[in-house]
There are 2 protein chains.
Amino acid sequence: MARAATTSDAFNAVAEPRRRDILNYLATEERSVNEIVNAIEIEQPSVSKHLKVLKDVGLVEARREGRQMLYKVNATAIRPLHEWTSTFERLWKHQLLRVKERAEARSEEKK
Amino acid sequence: MARAATTSDAFNAVAEPRRRDILNYLATEERSVNEIVNAIEIEQPSVSKHLKVLKDVGLVEARREGRQMLYKVNATAIRPLHEWTSTFERLWKHQLLRVKERAEARSEEKK
DNA sequence: TTAATATATTCCTATATAGGAATATGTCAA
DNA sequence: TTGACATATTCCTATATAGGAATATATTAA
């Protein structure tokens, strides 16, 4: 079996760094394909293909305006990712706390 | 060009659902490979391979104890993912707020 | 040493890309 | 209609899996 399709869910779609670049760029505003092409440095066909993947998993929405297609982020589709990572937040806070404690213990020893 | 390696970063490693299953299972406690195999329903060689990927990107740490290898989550490696998704939090809260507002406007019309 | 247990690795194959090149489709203006 | 602009699609190929099967390695106990 091969890897799951990039369009199988937001996790897979977002694994590709270029697609995260696109989402980051769209975070502030709705943009046309050409604006994306100019902002990120990728060929237009590649951008269109990435946008298709993002659209398939609901991470972006598109609407036509004249000759242009305007894309914007559908942030709610990113939420499951955020929520999954949140279940580990308690753990890394705990981890970082222990790192800090150890550092303090070490500086205490030196006194 | 093919897709980036699963070991290229946490985003790619975590795209595979089985690996998220493993991380979820390890979230509560350090576990041996066999415990993982029994908990998740995957063949042992597959589990070992997934663990290798997770270890390569620093998502888990391993230590030997007798014949067993004990794995635990390194939660700090999940943090970049959490942080990236957080940049969109403002957006989905805004989106959900507007959905709510529209619903309220509709129910107001009906009165 | 040998056997048993625990885990890792290798070999195999079907499958799915990502990007480049070329081309198709869609929309507007003259 | 025709040309120009904007975007999408198709075709191609190198590459990287994920899982199954078989086997290798490591560790302990007898």
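All chains are named by letter (A, B, ...) in the order of the sequence lines, taking the proteins before the strands, and each is independently numbered beginning at 1. Bear in mind the structure is a predicted one, so any value in this text is a computation, not a measurement.
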Whole angstrom value for the distance that separates P of C/dA16 from NZ of A/K49: 17 Å
Whole angstrom value for the distance that separates P of D/dT23 from CD of B/E43: 16 Å
Nearest to the [X] side chain among [options], which nucleotide is it?
| X | options | value |
| --- | --- | --- |
| A/K52 | D/dT7, D/dG20, D/dT9 | D/dT9 |
| B/M1 | C/dT9, C/dA18, D/dT17 | C/dA18 |
| A/R3 | D/dT9, D/dT17, D/dG20 | D/dT17 |
| B/V33 | C/dA8, D/dT7, C/dA22 | C/dA8 |

Candidate list A/W84, A/F88, A/W92, test ring-ring contact (aromatic ring centres under 6.0 Å, His included), partner B/H82, passing option: A/W92
Presence of [X] side-chain N/O under 4.0 Å of [N] phosphate oxygens OP1/OP2:
| X | N | answer |
| --- | --- | --- |
| A/R19 | C/dA18 | yes |
| A/Y71 | D/dA6 | no |
| B/R67 | C/dA4 | no |
| B/N34 | C/dT5 | no |
| A/T6 | C/dT17 | yes |

B/L51 with B/L70, same ILVMFWY side-chain cluster at under 4.5 Å: no
CD/B/E41: more than 12 non-hydrogen atoms of other groups inside 6.0 Å: no
Exceeds 12 heavy-atom contacts within 6.0 angstrom, atom CZ of B/R20: yes
CD1-CD distance between B/I36 and B/Q44, expressed to the nearest 0.5 angstrom: 10.5 Å
Of A/E16 and A/R64, the one whose closest DNA chain C nucleotide lies more 5': A/E16
Pair of N/O donor and acceptor under 3.5 Å linking C/dA8 base with B/Q44 side chain: yes
Sugar-phosphate, base or nothing in reach of A/Q68, heavy atoms under 4.0 Å: sugar-phosphate
